[in-house]
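Below is one structure, written out as structure tokens; the observations come after it.
Just so it is clear, the model here is predicted, and its values are computed rather than measured.
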Amino acid sequence: MQPSLSPPPPTRTTLRAGSAALALALLTSCSSPEPENHSEVDEGAVDPEETSEENASDEEAEEESAPFTVAFGGDVMFEGILRPLLDEPSTALDPISEQLSAADLTMVNLETAITEGGNPAPDKEFVFRAPAEALEALDHAGVDVATLANNHGMDYGEAGLVDTLDNGEASAVELVGAGHDIDEAYTPHITEINGQSIALFGATDVMDEHLISDWTAGEDSPGMASTKHEMKDRMVEAVSETAEEVDNVVVYLHWGLEGAHCPLPHAPDLADELVAAGASAVVGGHAHVLSPGGHMDDAYVHYGLSNFVFYNFSGPTAETGVLTLTFDQGAVVDSEWAPAQIQGGVPVPYEGDAAQEAHQDWVDMREDCGLPLTDSPV
């Protein structure tokens, strides 16, 4: 049992991918007036006045857009010592809420079903669920988006997942990475910030082998978005299609090996494929310990954000933090890793020398794992 610690004080226009772009294209193509006398018009001529107006419009759009920030936290659940925190959802995550709320948008991995029903998954040692107050607690802490795509998202079966989705509909927190069918599961949350659009996907690269078929979303069955086996191609395709219509794309993956700081051998290749398809950032978790992160040219990859709001913590599993990325027109132009330590199940930011030491320990993981990631864009 962990000692009881008192934390020190901490020192959206939504779019559907494709529909808005298609409507705009159709409107533009249908609204240009025909010249009154076709015989006197050179079809290849360009109206200088019209060109000037278009250039002015483009310049105005560029001036109106600006960089924006997205904060990411790791694995969140509310079992064990965390359940009593939901008696007061508005203050449940107070030690970390200021940091989460400082970003323009915040996303975490919700590693639990949000249900009070359903049946536990068969032959599974650990199953997690929480009441709807869990979403309320996340909302009060500044979380805007949560991915359900992980190895606990369907711990209470299809019924539990449908309950989770229904609770999400009633919540201010947007849920991604799962759906009533495959199309919904692979649909990102799309929003606009500072004149730029961003799409946030969730997908899992980790599932118990005997549950893959039941937990993966189908044409007519609820489930999660996955990168397991042939479903990787579906994820890459979804990213590619979305990147053609949206300025910035994020993929939040559940990946890695529990207890291991370094990514699995296939993970860098998976990250490369998603970035090549148009992802501006690929982040994730699952290992319950921190993994390296850093810039990869104009993109950013983080292999493991560790536990975040979690009952299982001591030593390395208590090390966590908030990753804040600055996006601008499809590139990650800046990044900040703010280390924290889990106390009483909730992250408490490090301060002073302790923060610098924890940050350096995290940076050193890149070299330890042999990953070509950098502190800033190259």
Point to revise | Asp181 atom CG: more than 12 heavy-atom contacts under 6.0 Å | key: yes
**Study point:** No-hydrogen, no-angle side-chain donor-acceptor test under 3.5 Å, Glu116 and Tyr156
**Key:** no
Exercise for review: Kindly check if the number of other-residue, nucleotide or ligand heavy atoms within 6.0 Å of CD (Gln360) is above 12?
Suggested key: yes
Check your understanding: What do you reckon, is NZ of Lys232 surrounded by more than 12 foreign heavy atoms closer than 6.0 Å?
Key -> no
Review point. Between Val275 and Ala299, what is the shortest heavy-atom contact and its length?
Key: CG1-CB, 3.8 Å
Review point. Are any non-hydrogen side-chain atoms of Phe327 and Ser280 less than 4.5 angstrom apart?
Key: yes
Check your understanding: Any idea which heavy atoms bring Val332 and Pro377 closest together, and the distance?
Key -> O-CG, 3.4 Å
Check your understanding: Taking side chain as C-beta onward, heavy atoms only, is His295 less than 4.5 Å from Ser335?
Key -> yes
Exercise for review: Answer yes or no: is there a side-chain heavy-atom contact under 4.5 Å between Val301 and Leu274?
Suggested key: no
Exercise for review: For residues Phe201 and Thr242, determine if any side-chain heavy atom of one lies less than 4.5 Å from a side-chain heavy atom of the other.
Suggested key: yes
Review point. Ion pair present between Asp155 and Arg129, side-chain N to carboxylate O less than 4.0 angstrom?
Key: no
Check your understanding: side-chain hydrogen bond (donor to acceptor under 3.5 Å, both in side chains) between Asn307 and Thr320: does it pass, once the steps are laid out?
Key -> CA-CA 6 Å; Asn307 296 332; Thr320 186; over 6 Å; no
Check your understanding: Is it the case that more than 12 heavy atoms not belonging to Glu258 sit under 6.0 Å from its CD atom?
Key -> yes
Review point. With no hydrogens and no angle check, do the side chains of Ser197 and Asp247 hold a donor and an acceptor under 3.5 Å apart?
Key: yes
Point to revise | Enclosure of Glu88 CD (heavy-atom neighbours >12, cutoff 6.0 Å) | key: no
Revision key, fill the gap. OG1 of Thr115 to CG of Asp166, rounded to nearest 0.5 Å, is 9.5 Å
Exercise for review: Assess whether atom CG of Asp353 is packed by more than 12 heavy atoms of other residues, nucleotides or ligands within 6.0 Å.
Suggested key: no
